[in-house]
Amino acid sequence: MTDTNQRPTNEGHSSAPEHLPTQYTPAEVEETLYERWVAAGYFEAHDKSSKPPFTVVIPPPNVTGSLHLGHAFEHTLIDALTRRKRMQGYEALWQPGMDHAGIATQNVVERELAREGKSRHDLGRDAFVERVWQWKEESGGRILGQMRRLGDGVDWSRQRFTMDEGLSRAVRTMFKRLYEDGLIYRAERIINWCPRCLTAISDIEVEYQDDDGELVSIRYGDGDAAIVVATTRAETMLGDTAVAVHPDDERYRHLVGTEIELPLTGRRIPVVADPHVDPEFGTGAVKVTPAHDPNDFEIGRRHDLPSLAVLDERGVITAHGPFQGLDRFEARSAIVAALRADGRIVAEKRPYVHAVGHCSRCKTTIEPRQSLQWWVKVGPLAKAAGDAVRDGRVTIHPKEMEPRYFGWMDNMHDWCISRQLWWGHRIPIWYGPNGEVVCPGPDEEPPTGPGWRQDEDVLDTWFSSGLWPFSTLGWPDRTASLEKFYPNSVLVTGYDILFFWVARMMMFGLYAMDGVPPFPVVALHGLVRDQFGKKMSKSGGNAVDPLDWMNRYGSDAVRFTLARGANPGVDVPIGEDWVQASRNFCNKIWNATRFALMNGATVQGPLPAPDELTAADRWILSRLNATVAEADAYYEDYQFAKVSDALFHFAWDEVFDWYVELSKTTLAQGGAAATATRRVLGEVLEVMLRLLHPVVPFVTEALWTALTGRESVVVAEWPRDSGFRDAAAEAEIAAVQQLVTEVRRFRAEQGLKPGQRVPARLTLDGTVLIPHQEAIRQLLRLDPEGEDFRVTATLPVAGAVVALDLSGAIDVEAERKRLTKDLRAAEKERDQTSAKLSNEAFLAKAPDQVVGRIRERLATAEQEVTRLTNQLAALPRS
RNA sequence: GGGCGCAUAGCUCAGCGGUAGAGCGCUGCCCUUACAAGGCAGAUGUCGGCGGUUCGAAUCCGUCUGUGCCCA
């Protein structure tokens with residue numbers, strides 16, 4: 001029944017199209033197709049290829065993580081970009097891998113140990129690190145398998161991990177260079193300390209949220225020498241070493257330089273004048289705790305005050321006295337109670353809502369802590385990173401995100417890179433017995449011997465992630481991969497990690513790669529939200545496991561839904577209904593192709609010349625080429641939502657709803673026209689499948705191979721706009737659509753069943769509709785007029801007249817209602833356009849093109865008014 | 001407190017100076033031989049309020065209200 005150019009294709013389906021099931025079942029094909037792609041090596045990128053490179057790195061997922069919708073979203077976009085470029089003839093590298101996630105991973109393994117009743121200290125450092133590696137081999141990287149399910153076309157042969165040997169070399173090299181350039185230094189500062197993770201974290205790993213706290217006003221000193229200070233952290237008063245006031249504040253001028261008594265301790269502390277104190281806030285006097293507050297630390301420095309630490313690494317009071325051993329929050333209550341008993345509390349405000357920092361990993365309240373840490377001096381690096389965007393070498397999409405980037409880059413504080421962890425890149429600094437500090441490179445022997453020891457701390461995970469765009473390619477060696485694939489072509493990532501990751505890559509890339517930015521374009525996407533636009537979270541109970549949806553609806557459905565929502569930089573809501581709709585779309589493609597195969601659609605041989613084609617053929621080819629151009633334009637602009645939407649509408653509203661239906665008449669008539677249409681049908685579907693492939697790779701692969709008998713759409717050529725356009729055919733089909741729709745409306749409103757056949761006379765003289773008589777009759781279920789044909793309704797439309805014999809009275813009222821409604825609309829249009837045209841200012845100032853368009857609209861509206869008025873007049877009075 | 005957004009159909013969002021759109025949902029009819037995961041037809045909006053610019057504003061400017069995010 002068909003051409004024989006199919007070959008056995010999908011598992012589970014016989015090759016004969018009539019045996020293709022009427023429903024697409026993704027579960028049966030996806031996994032096999034993916035494994036075949038990998039086995040065929042389609043995703044492997046070759047250094048020696050003569051094709052132009054296209055490089056994109058995966059934002060490395062966390063080794064402890066599993067695929068969530070955010071990943072699925074990002075991966076869909078990157079995969080679509082990469083697949084298209086591969087089809088366009090680029091040597092496409094999508095670089096996969098993971099980061100070692102220092103804190104998160106160490107937490108996971110420590111929890112595991114805790115269940116065995118052990119701590120990492122019981123094991124010791126080496127054994128613990130060994131244990132983490134073991135965990136990584138056994139349980140880490142679950143996400144990698146899930147990426148296969150999604151269809152990610154990554155080059156698995158190049159998979160990297162931030163802790164592997166090559167990337168560790170990159171870290172060592174970078175550290176040494178920065179250190180020797182004076183851009184890495186060690187200093188004692190106030191850092192953000194997590195008393196649960198027991199490590200320092202950087203500024204951006206602190207999340208601020210409004211908490212209910214308390215604001216307590218405490219009287220320090222007595223009598224004339226009394227000063228009231230307000231604090232939300234009463235427990236730190238044990239470590240106060242001064243009270244500060246503004247130098248111009250008359251209220252306290254007489255006390256500056258004197259000492260007052262610190263309650264509960266009996267210690268005497270100085271009153272200092274510091275211009276950074278805000279005299280308007282509270283009493284205008286502040287307590288100064290240099291060891292436990294960043295601002296106080298600065299005041300302490302300026303006034304040479306001692307730093308008195310009163311909390312240990314777990315946030316427990318260490319100061320001798322009754323509060324020793326209390327947790328910081330217990331201590332707060334106890335100290336306030338003691339002060340109250342002492343008559344020192346002047347005022348209490350509770351709850352006092354204020355922003356409190358929390359550890360982004362475990363949500364524990366951050367404890368500012370004075371300590372000795374390693375830092376990256378970001379000034380020059382951030383300047384270069386900002387300039388790269390400012391001078392246009394790097395573009396941020398969408399542009400509205402640029403102010404955010406600049407705001408961050410231009411105000412960045414030095415970056416605390418040391419972490420008090422065991423899992424990570426140990427800081428490559430050795431201390432000698434006589435105070436020596438050396439930084440050996442990765443290929444140099446570290447000093448040994450008595451008294452030498454390596455720094456205990458490890459580096460922030462982002463330090464190694466920042467090197468990702470080039471460390472994965474072999475840097476610091478000048479490898480063939482680095483030559484071929486650096487810089488990356490684009491970075492696709494969420495706007496939420498613009499600071500975390502993009503900033504780091506920009507700084508490091510520019511520094512390490514001689515001023516060449518790691519990528520010319522940063523394409524930012526939004527965050528995935530639920531169907532009501534709410535943030536997804538486990539605690540909110542609205543988090544969705546993408547694997548669940550992928551299992552039930554297919555990966556293509558999830559991918560299509562995400563791509564279709566992907567407006568640049570804008571959050572994407574997703575709900576099950578939408579995934580279902582996408583699944584339906586895949587099924588529709590499946591069935592349209594099935595129809596084509598059953599009717600002998602072919603891709604063999606050249607396309608017939610235009611004069612051998614029906615108007616419908618020429619119309620759909622014209623639209624196909626326009627759609628190729630449209631998809632290309634949107635892809636180049638990272639407009640995934642628009643690409644998807646354009647393809648969806650072309651496929652469904654034009655190919656499926658009209659072209660396939662029109663082709664049925666031609667195919668039934670047989671002959672040369674049918675042969676030509678079979679070829680066009682094959683062509684349109686074949687190109688459409690290639691266009692859709694980057695977004696919905698599985699269903700398109702299954703169908704494309706069935707349709708063409710060729711190897712794989714993954715390595716097929718990306719469609720090109722042939723330039724073919726046929727305005728006449730487009731107008732002709734538009735007329736067919738107009739007439740068919742109009743008569744369908746009439747039928748529906750007259751209560752005719754869709755399948756009911758009606759005798760009709762078509763008067764098409766003088767219109768472009770003549771060749772479409774048969775198609776029109778078929779689409780509208782119109783029978784030829786017989787002997788006893790009696791006109792009961794006449795519908796003039798598109799210059800033609802359709803006379804129907806409904807064999808009985810028609811519903812005049814329904815018809816009057818319909819016509820009246822249309823007449824009103826036409827009159828409104830006529831009035832609006834003629835009003836514009838009688839406006840002198842409009843005629844004088846509007847562009848000719850616009851005026852012309854309005855004239856056309858007026859003419860059309862007038863015709864419609866006449867037509868509808870006549871039709872109404874012709875209706876029998878009821 | 002500073003910065004950046006957003007307010008368009010019941011829901012989620014496009015459109016961003018010249019006829020208000022999509023998906024889902026909704027109503028009615030239909031298992032019409034590719035597809036009921038479908039077909040056909042239909043309903044629904046003072047484009048947040050108020051000013052202004054313009055021949056013309058959902059679209060540009062100002063302002064107010066509501067709302068979200070980032071940074072302090």
Side-chain angles (χ1 to χ4, degrees), chain A residues 17-18 20-25 203-204 207-208 355 398 400-404 406-408 411 495-496 498-499 526-527 529-535 553-554 557 561 564-565 567 569-599 601 639 641-642 644-645 648-649 652-653 656-657 660-661 664 740-757 778-781 818 821 825 828-829 832-833 835-837 839-847 849-851 853-854 856-858 860-861:
Chain A
E18 61 270 34
L20 283 181
T22 61
Q23 287 192 347
Y24 171 54
T25 43
D203 291 349
I204 54 176
E207 290 171 0
Y208 288 88
E400 298 85 75
M401 290 289 175
E402 281 187 3
R404 252 182 199 228
F406 294 134
W408 171 255
N411 298 299
Y495 65 75
D496 56 324
L498 189 60
F499 311 144
L527 274 31
R529 294 173 173 271
D530 75 6
Q531 59 196 310
F532 303 110
K534 291 223 158 39
K535 212 170 188 166
Y553 300 113
T561 308
R564 202 176 181 189
N567 292 114
V570 178
D571 289 350
V572 193
I574 185 170
E576 187 162 345
D577 284 355
W578 307 341
V579 178
Q580 224 168 79
S582 299
R583 184 270 313 262
N584 295 355
F585 178 53
C586 293
N587 191 54
K588 186 78 178 173
I589 301 170
W590 175 268
N591 275 294
T593 310
R594 191 167 146 259
F595 165 84
L597 288 170
M598 288 195 300
N599 287 279
Q639 300 263 21
K642 290 192 173 156
S644 309
D645 215 47
F648 178 87
H649 281 112
W652 206 315
D653 297 349
F656 304 154
D657 283 353
V660 165
E661 294 306 319
K664 286 177 182 172
V740 169
T741 303
E742 185 66 18
V743 177
R744 276 177 178 163
R745 247 182 94 190
F746 174 80
R747 289 183 53 122
E749 272 158 37
Q750 287 298 317
L752 266 61
K753 307 242 182 278
Q756 188 173 331
R757 304 203 66 90
Q778 185 163 345
L779 290 173
L780 291 169
R781 324 251 157 223
R818 183 177 74 91
K821 190 186 156 200
K828 187 178 168 198
E829 171 76 353
Q832 282 179 345
T833 47
K836 279 198 174 188
L837 290 167
N839 180 344
E840 289 302 327
F842 172 74
L843 292 174
K845 295 190 178 176
Q849 209 185 347
V850 173
V851 177
R853 214 176 304 152
I854 300 287
E856 276 172 35
R857 279 172 53 194
L858 175 59
T860 310

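Each chain gets a letter, A, B and so on, in the order its sequence line appears, and its residues count up from 1.
Considering only side-chain N and O atoms, A:Lys664 lies under 4.0 angstrom from the phosphate OP1 or OP2 of B:A34. Look at A:Arg747 and you won't find any side-chain N or O under 4.0 angstrom from OP1 or OP2 of B:A41.
Ring geometry, A:Phe656 versus A:Phe585: the interplanar angle falls from 30° to 60°, so the pair is classed tilted.
When the nucleotides B:C24, B:C35, B:C55 are ranked by their closest atom to the side chain of A:Arg594, B:C35 comes out on top. Distances from the side chain of A:Trp652 to the nucleotides B:A34, B:C24, B:G39 place B:G39 closest. Checking B:A34, B:C69, B:A37 against every side-chain atom of A:Ala592, the shortest atom distance belongs to B:A34. Of all nucleotides listed (B:G42, B:C4, B:G39), B:C4 comes nearest to the side chain of A:Pro403.
The residue among A:Gln832 and A:Asp645 whose nearest nucleotide of RNA chain B lies closer to the 5′ end is A:Gln832. Ranked by how close their nearest RNA chain B nucleotide is to the 5' end, A:Asn591 and A:Phe585 are led by A:Asn591.
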Pairing string, 5' to 3', for RNA chain B - Watson-Crick or wobble contacts under 3.5 Å, brackets [ ] where pairs cross, | to another strand: ((((((((.[[[[.)..(..]]]].(((((.......))))).....[[[[[..)....]]]]]))))))).
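Among the heavy atoms of the strands, none lies under 4.0 Å from A:Glu840. Counting any heavy atom pair closer than 4.0 Å across all strands shown, A:Lys828 reaches no nucleic acid atom. Among the protein residues, A:Glu661 comes within range of the nucleic acid bases, having at least one heavy atom under 4.0 Å from a base atom. Using a 4.0 Å heavy-atom criterion, one finds that A:Thr741 contacts the sugar-phosphate atoms exclusively. When heavy atoms are screened at a 4.0 angstrom cut-off, A:Arg583 is found touching base atoms of the nucleic acid. Within the 4.0 angstrom heavy-atom criterion, no nucleotide atom of any strand lies near A:Tyr495.
Here B:C4 presents its P atom at 18 Å from CH2 of A:Trp408, a figure rounded to the nearest Å. Rounded to a whole Å, the CD atom of A:Gln580 is 16 Å from the P atom of B:G23. The distance between atom NZ of A:Lys753 and atom C1' of B:C30, rounded to the nearest whole Å, is 8 Å. Spacing between atom CG of A:Asp657 and atom P of B:A34 amounts to 15 Å, rounded to whole angstrom units. As a whole-Å value, the separation of A:Asn587 CG from B:C35 C1' is 6 Å. A:Phe595 places its CZ atom 15 Å from the C1' atom of B:G39, with the value rounded to the nearest Å. A straight line from CD of A:Gln778 to P of B:U33 spans 12 Å, rounded to a whole angstrom. As rounded to whole Å, 11 Å separates atom P of B:A57 from atom CG of A:Asn839.
The two residues A:Ala641 and A:Gly565 come nearest to each other via the heavy atoms CB-C, 4.2 Å.
Contact check for A:Arg744 versus A:Leu779: side-chain heavy atoms found under the 4.5 Å cut-off. In this structure the side chain of A:Arg857 reaches within 4.5 angstrom of the side chain of A:Ile854, judged on heavy atoms. Residues A:Ile589 and A:Trp652 fail the side-chain proximity criterion, which asks for heavy atoms closer than 4.5 Å. Looking at heavy atoms from C-beta onward, A:Thr22 lies in side-chain contact with A:Arg594 at the 4.5 angstrom threshold.
A:Arg747 places a side-chain N or O within donor-acceptor distance of the main-chain N or O of A:Lys753, the cut-off being under 3.5 Å. Between the A:Trp590 side chain and the A:Pro21 main chain, a donor and an acceptor come within less than 3.5 Å of each other.
Nucleotides B:G48 and B:A14 have their P atoms positioned 14 Å apart, rounded to a whole Å. Between B:C29 and B:A36, the distance separating the two C1' atoms is 14 Å to the nearest Å. When the C1' atom is compared between B:G10 and B:G25, the two are found 7 Å apart, to the nearest whole Å. B:A58 and B:C50 have their P atoms separated by 12 Å, with the value rounded to a whole Å. For the C1' atoms, the distance from B:G1 to B:C16 is 32 Å, rounded to whole Å. Nucleotides B:U12 and B:C69 place their P atoms 15 Å apart, quoted to the nearest Å. Using atom C1' as the reference point in both B:G17 and B:C64, the two lie 24 Å apart (nearest Å). B:G3 and B:U46 have their C1' atoms separated by 34 Å, given to the nearest Å.
Under 3.5 Å, the side chain of A:Gln23 and the base of B:A36 form no donor-acceptor pair of N or O atoms.
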Worked verdict on A:Val851 versus A:Leu837 for side-chain contact (heavy atoms from CB on, under 4.5 Å): CA-CA 8 Å; A:Val851 177; A:Leu837 290 167; 4.1 Å; yes
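Geometrically, A:Lys664 engages A:Phe595 in a cation-pi contact, judged by NZ or CZ lying under 6.0 Å from the ring centre and within 45° of the ring axis.
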Per-nucleotide protein contact string for nucleotides 10-18 of chain B (B base, S sugar-phosphate only, - none; heavy atom under 4.0 Å): -SSSSS--B
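A donor atom on one side chain and an acceptor atom on the other are not found under 3.5 Å apart for A:Asn587 and A:Tyr553.
Using a cutoff of 4.0 Å between basic side-chain nitrogens and carboxylate oxygens, A:Arg818 and A:Glu742 are scored as salt-bridged.
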